[in-house]
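Reviewing the structure listed below.
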Amino acid sequence: MQRIPVIQIGMGGVGRVLVEQVLHFNAHYGARYGFRFAYTALADRQGAIVADERIPPATLLEAIAAKQSGGSLADVPAGGPLVDWQNLLTPVHSLVVDVTAQAGAEAGLAEAAAQGHRVVLANKKPLCGTIESFKALTERGHTRYEATVGAGLPVISTLRSLVDTGDGIERIAGCFSGTLGFLTTELQDGRRFSDAVVEAKRRGWTEPDPREDLSGMDVARKALILARTSGFSAELADISVTPLFPPELGTLSVAEFMDQLPTLDEEYRRRFETVPNTTWRYVAQVLGAGSTVGLTEVAPNDPLGSLRGPDNLVVYHTQRYRERPLSVRGPGAGTEVTASAVLADMIAFGREWR
Ligand SMILES: NC(=O)c1ccc[n+]([C@@H]2O[C@H](COP(=O)([O-])OP(=O)(O)OC[C@H]3O[C@@H](n4cnc5c(N)ncnc54)[C@H](OP(=O)(O)O)[C@@H]3O)[C@@H](O)[C@H]2O)c1
């Protein structure tokens with residue numbers, strides 16, 4: 001039975017579920033596939049657990065429990081401090097799995113890919129540096145990143161199949177944010193903007209600073225990943241992004257920002273109420289040039305207008321699917337589905353591992 005070494009960076013919501021899913025795969029499907037995953041390193045921001053051959057399942061479960069109760073991997077008996085995740089790389093070719101939201105890892109991950117490691121990402125940021133860094137990270141197919149757009153939905157693999165088989169991508173449109181999907185359907189149902197944001201934050205559907213979602217930058221990163229995967233040489237700065245709050249609220253502390261939210265209620269009430277037979281969704285239009293991300297008027301019976309809650313919709317307008325565009329629709333957030341997309345990428349690499 002082949003063992004595939006795994007270095008996992010990140011033990012948050014997605015990372016913990018991923019470890020559980022990997023253990024389940026090893027126990028139930030490893031024999032069928034002829035390989036099992038062997039964790040050789042597991043890291044959070046402060047600590048890491050490292051093993052030459054494999055971290056035993058009991059230690060992995062201990063690590064999950066420690067993280068669930070708010071601890072660090074530095075504090076578990078098998079753990080130790082971590083200065084930089086790149087120190088975890090060894091000459092042994094491994095699967096390097098980034099389930100953090102860290103910025104600035106693109107060069108290190110591209111270097112790992114160039115050395116023969118394989119990289120799997122739920123983290124969008126390494127794909128959103130310069131176009132050169134995107135190419136360095138993804139060339140030769142050493143990096144997979146299905147979970148970065150649409151969580152568990154087959155958004156990237158569908159696009160890859162279209163591109164690889166010679167279809168021409170004309171544009172991709174849709175709603176790519178579960179958080180903003182929830183927010184706009186709540187507003188459509190007459191809820192106050194401030195109440196809807198507070199609830200999304202309470203449910204853990206926003207980043208700790210909700211402006212990261214409300215700024216539209218998370219959607220812009222997904223649009224950029226789709227544009228680049230389509231073969232367009234786009235940069236993040238090329239995308240026109242309209243945030244859901246005015247610039248003067250951008251400089252406040254999180255607490256001050258939350259206090260100021262009710263000042264936006266009236267504007268959103270009017271916007272969602274005034275035009276009959278119309279509603280609003282936070283829509284991305286991905287094009288070769290001039291991609292846009294922002295609140296857009298749609299008919300309630302339009303596929304975008306009929307979306308509810310945190311569901312995502314990605315519509316591919318291509319040369320082959322020009323008359324009736326191809327679409328992927330479904331829940332676009334959640335730790336279980338996100339982790340499953342990461343694991344599916346790991347299995348895809350496992351099947352071609354030599
Ligand atoms: N949740 C979803 O539904 C979803 C859907 C699609 C994609 N994603 C993406 O998946 C990624 C993970 O999401 P999440 O919800 O699991 O986030 P999370 O709960 O905030 O967890 C992030 C983890 O990364 C660790 N980390 C951050 N910087 C690090 C560094 N420099 N070195 C080592 N570890 C580091 C954190 O360490 P500490 O534990 O020490 O803080 C934490 O364990 C994000 O990029 C997110 O955008 C999430």
Side-chain angles (χ1 to χ4, degrees), residues 7-21 41-50 60 63-76 79-89 96-109 112 119-128 144-156 175-182 200-201 203-210 212-213 215 217-222 224-226 309-312 314 330-345:
I7 298 168
Q8 180 178 315
I9 318 154
M11 268 298 269
V14 175
R16 293 196 296 274
V17 175
L18 178 62
V19 174
E20 286 170 353
Q21 291 185 0
L42 196 57
D44 63 13
R45 269 182 301 178
Q46 273 118 40
I49 302 174
V50 180
L60 293 172
I64 293 171
K67 291 303 295 177
Q68 248 151 8
S69 56
S72 161
L73 296 179
D75 304 326
V76 300
L82 176 77
V83 180
D84 184 342
W85 66 267
Q86 291 189 63
N87 298 338
L88 303 171
L89 296 175
V96 180
V97 180
D98 181 351
V99 280
T100 72
Q102 66 176 328
E106 50 269 31
L109 291 168
V119 176
V120 177
L121 303 170
N123 183 7
K124 291 171 274 296
K125 289 176 185 160
L127 298 164
C128 296
R144 292 181 196 259
Y145 48 91
E146 182 65 82
T148 57
V149 186
L153 301 177
V155 172
I156 300 294
C175 292
F176 307 161
S177 165
T179 311
L180 300 184
F182 168 78
K201 188 172 190 302
R203 289 182 183 228
W205 290 353
T206 69
E207 296 297 322
D209 182 346
E212 294 204 16
D213 303 282
S215 68
M217 286 315 293
D218 189 60
V219 176
R221 286 194 188 95
K222 292 174 185 175
L224 183 67
I225 291 169
L226 293 179
D311 279 8
N312 282 194
V314 180
T335 53
E336 290 278 342
V337 291
T338 305
S340 74
V342 175
L343 176 56
D345 278 348

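Order of listing sets the numbers, starting from 1, for every ligand and every atom in it.
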Fill in: Arg45-ligand 1 polar pair, N/O distance under 3.5 Å
yes
Discussion item. Please check whether Lys67 reaches ligand 1 - meaning an N/O of the residue sits under 3.5 Å from an N/O of the ligand, judged on distance alone.
Written reply: yes
For [atom], what's the nearest protein heavy atom and its distance?
atom: atom 16 (O) of ligand 1; result: Val14 N, 2.8 Å
atom: atom 3 (O) of ligand 1; result: Gly334 N, 2.8 Å
atom: atom 22 (C) of ligand 1; result: Val99 O, 3.9 Å
atom: atom 9 (C) of ligand 1; result: Ala122 O, 3.3 Å
atom: atom 5 (C) of ligand 1; result: Thr338 OG1, 3.0 Å
atom: atom 30 (C) of ligand 1; result: Gln102 OE1, 3.7 Å

Response to the item:
Note: heavy atom closest to atom 11 (C) of ligand 1, options Thr148, Asn123, Thr100, belongs to Thr100
Practice prompt. Name the option, out of Gly332, Ala48, Gly12, Ser72, that contains the heavy atom nearest to atom 42 (C) of ligand 1.
Written response: Gly12
Residue [X] vicinity, atoms of ligand 1 by number, heavy atom under 4.0 Å:
X: Ile9; answer: 32 (N), 33 (C), 34 (N)
X: Ala333; answer: 3 (O)
X: Gly13; answer: 16 (O), 19 (O)
X: Ala147; answer: 6 (C), 7 (C)
X: Gly10; answer: 23 (C), 24 (O), 25 (C), 43 (O)
X: Lys124; answer: 47 (O)

Discussion item. For Val97 and Ile7: C-alpha separation, side-chain torsions, deciding distance, then whether side-chain contact (heavy atoms from CB on, under 4.5 Å) applies.
Written reply: CA-CA 6 Å; Val97 180; Ile7 298 168; over 6 Å; no
Is a side-chain donor or acceptor of [X] paired with a backbone partner of [Y] at a separation under 3.5 angstrom?
X: Arg16; Y: Ile64; answer: no
X: Glu106; Y: Gly108; answer: no
X: Asp44; Y: Leu73; answer: yes

What pair of heavy atoms forms the shortest contact from [X] to [Y], and how long is it?
X: Gln102; Y: Lys125; result: O-CB, 3.6 Å
X: Thr335; Y: Val17; result: OG1-CG2, 3.8 Å
X: Leu89; Y: Ala112; result: CD1-CB, 3.9 Å

Worksheet, complete the sentence: Partner of Val149 under side-chain contact (heavy atoms from CB on, under 4.5 Å), picked from Leu224, Val155, Asn312, Val219, is Val155
Discussion item. Please report the interatomic distance CD(Gln21) to CD(Glu336), rounded to the nearest 0.5 Å.
Written reply: 5.5 Å
Worksheet item: How long is the span from the CG atom in Leu82 to the CD1 atom in Ile9, to the nearest 0.5 Å?
Response: 9.0 Å
Worksheet item: Are the charged groups of Asp218 and Lys124 less than 4.0 angstrom apart, N to O?
Response: yes
Practice prompt. Using a 4.0 Å heavy-atom cut-off, say whether Asp44 meets ligand 1 through its side chain, its backbone, both or neither.
Written response: both
